[in-house]
Each structure stands twice: as structure tokens, then as C-alpha cells.
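Report on the structure given below.
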2 protein chains.
Amino acid sequence: MKTLNELSNELKKKNIRLTHQRLKILEYLYNAKTHPTVEEIYSALKKEVPSLSKTTIYNTLNYLSELNIIKSLIIDENEARFDGVTDNHGHFKCSKCGKIYDFDINMDALAADRLDNFEINEKTVYFKGICSGCLSKI
Amino acid sequence: MKTLNELSNELKKKNIRLTHQRLKILEYLYNAKTHPTVEEIYSALKKEVPSLSKTTIYNTLNYLSELNIIKSLIIDENEARFDGVTDNHGHFKCSKCGKIYDFDINMDALAADRLDNFEINEKTVYFKGICSGCLSKI
DNA sequence: TATTATATTGTAATCATTACAAAGAAAAAA
DNA sequence: TTTTTTCTTTGTAATGATTACAATATAATA
């Protein structure tokens, strides 16, 4: 759980303009562990920040994503998802309940001969299947 | 290079109705190694099959994808890409030239403790960076 | 506080994808 | 082969996520 104060300091350090919207969006992203979509963030914050516009959410997420403060995921078509954790880790999406789980993985061990002389800047790993929760309900 | 004849037999074996469009789309997908988008397939085949509609391409690709005859990729936002090779392999996308390279990778070695008791049906690995061709041009 | 630079907002535009219904083609039956 | 049935193709319109843009509002700075 990060407080608004901690988030403020983080942004200040990086010379990112502090706005109410940015802090709220970041707060939500860090504390929700759901890898939310823009839609989810919008619905969740509308009550607290009634003026909030989706464009702002897109702007903010894209901006922070470029600065590597958050990470955008592409797990399924149609919807971008966002993650407050930028360390490399894998994602698992349950096809039944739709939930996304994080898991640790050693990306350095992922190497490919054919990519010698390539500059690799980003490694992504995701799995799909059925989570233990859904399996136990069958 | 697969011929139309070979493709016909493949579809017949699986009881998939043979149509001119399906064969042409599959032929293109198998022989182009570019992981094309729907747009690319459409532009490439329009001359040969003037009646071809994008809806047909979507229908065909989604259908064959469900049957595991081809594979759909999500490497970047916005556009679905398709791959005639369904064996597990990784994809590398060059941020400079946009080209997508295949590479072999041992997916079985990818395991995560936290996913014990999960049923994993699909593993995806993709990298981003700059390919050797683009690097040598700098 | 006044000024300047940047962010937010709402609306309209864009672009990939899907829904749908009519027309056409392939497979099966006669 | 011809007829019938079933499935596919097509074009158009609808959908839904995302972006462009210009006016307004807010944060940082002097």
C-alpha cells in the first residue's frame, strides 16, 4: 500500500507535475492488484473525482508508461491493461474468471541463439489457462 | 512452401470446407513469413481475389485459430497478427523496422512455483528491441 | 499575486473488429 | 447431373477502444 504522500514524493523526484488526477490514478494502480483496464480505473475513480475524463486516464497512463513508472500489458486483444510493478515478472490469465496473476520468472535465463547481435530491451512472458480457484470449483 | 494442393488435403483431413478464399489466405499465411496483419493479407490478395472482403479474412483467421491450425499473436496493441506455425516459439519485434522474428525457445523450462495447481494451456514469450540489421545501419 | 507552462476535459474523429442479413458456393442427396 | 441443404462470403452498418484537438483549468515559478 502506497500513500498519496509517498506517491507525491516519487513524482516530485522525477519532475513530474503533481495533479490530483495523476495521484489518484497512480494510487489506484499501485493498490489495486488487478492490472486494471482504463474502463475499470474510470469506474472506480468517477465517484471520488467526478470531473475525471477517460482522456486524462489515457494521457496519464501513456505518459507514465513512457517514463517507465508503470507498465502496459497486452494480455488479450481489445484492452490495454496497466501494472504498477515494473520489475520483470510473468502474467497468467485465467480463461474462466479473467483474473490476472503475477508470477516470478527468471527472464535472464530466457535466451535465444538466433538473437545474437540483437539488442533486447524488453522481455514479456504470459501464460493462459485455468487458475487453481476455478479448477477447484469444477 | 506449401502448395495449394497440400493445403487442400490438410483442410480435407480436418473436415474444413474447402473454399477458394480459405485456401488463398492460408497459402499466403504459410508462405509469407511476416506474421501479417489482416490489412496486409487483404492488400496482398485483393488483386488475385478481387471479391475478397475483410470480414472473410477475419472469419477465416478466427475460425482456423480456434481449430489450432494457425495461431494469433498479440505483439503490439492495435493489430492482431497471425502465424502459420503453431509450434511454440518466441517472437522478437524490432522497434526500428517493425519486423517480427521467430526464435526457438524451450517453453517447458519456463515454470513458476506460484502456479502450482494451475492448468497452463498456453505460453507466450515475446521480446522487443533492435534487430541486428538495424543495429548495423547505425 | 501574476505569469507561464502544462494538464484536464468533452467532443468528435479514427481505426480495428464484429454483427447481420442477403447472395453465393460447396457438399450431400436424389 | 440436378436438386437440396448447409455453410461461406460479402458489404454495410454498428461497436468499442483509443486518439486528436481546442478550450478551459490548474500547477509551478517568478
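Here the structure is a predicted model, which means the values were calculated and not measured. Below, chains carry the letters A, B, ... as their sequence lines are ordered, and counting in each starts from 1.
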Flag the pair A:Glu39 / A:Lys54 as yes when at least one side-chain heavy-atom distance between them is below 4.5 Å, and no otherwise. yes
Taking only the side-chain nitrogens and oxygens of B:Thr56, find out if one of them lies under 4.0 Å from OP1 or OP2 of D:dT10. yes
Just how far, in rounded Å, is P of C:dA12 from NZ of A:Lys54? 16 Å
Provide, to the nearest angstrom, the distance between the CG atom belonging to B:Leu67 and the P atom belonging to D:dT8. 10 Å
Can you tell whether the side chains of A:Lys13 and A:Glu10 come within less than 4.0 Å, N to carboxylate O? no
Along DNA chain D (nearest heavy atom to each residue), the more 5'-positioned of A:Glu39 and A:Thr55: A:Glu39
Interface residues of residues 9-27 of chain A with DNA chain D (non-hydrogen, below 4.0 angstrom): A:Arg17, A:Leu18
Here the distance between atom P of D:dG11 and atom NZ of B:Lys46, to the nearest Å, is 12 Å
Counting only side-chain N and O atoms of A:Ser51, is one of them less than 4.0 Å from OP1 or OP2 of C:dT9? yes
Protein-nucleotide distance (A:Asn62, atom CG; D:dT19, atom C1'), rounded to Å: 9 Å
Can you find a heavy atom in the side chain of A:Ser72 that is under 4.5 Å from one in the side chain of A:Leu61? no
What is the distance, to the nearest angstrom, from the CD1 atom on B:Ile57 to the P atom on C:dC15? 18 Å
When you compare the side chain of A:Phe82 with that of A:Val38, does any pair of heavy atoms fall below 4.5 Å? yes
Side chains of A:Leu26 and A:Thr60 in contact at under 4.5 Å (non-hydrogen atoms): no
Using ring pair (Phe, Tyr, Trp, His ring centres under 6.0 Å) as the criterion, list what pairs up with B:His35, not counting sequence neighbours. B:His91
Please tell me if B:Tyr58 has a side-chain N or O lying less than 4.0 Å from either OP1 or OP2 of C:dT17. yes
Separation of D:dT19 P from A:Leu61 CG (nearest whole Å): 11 Å
A:Asn59 vs C:dT9: side-chain N/O to OP1/OP2 distance below 4.0 Å: no
I want to check something: taking the side chain as every heavy atom from C-beta on, are A:Thr124 and B:Phe127 in contact at a cut-off of under 4.5 Å? no
Rounded to whole Å, OH of B:Tyr42 lies from C1' of C:dT17 at a distance of 15 Å
Taking the side chain from B:Lys128 and the backbone from A:Glu122, do they hold a donor-acceptor pair closer than 3.5 Å? no
If you measure from CZ on B:Phe118 to CD1 on A:Ile130, what distance do you get to the nearest 0.5 Å? 11.0 Å
End axis versus end axis in the helix from C:dT1-D:dA30 to C:dA30-D:dT1, the angle rounded to 10°, five pairs used at each terminus: 30°
Could you tell me how far apart B:Leu52 (CG) and C:dG24 (P) are, to the nearest whole angstrom? 17 Å
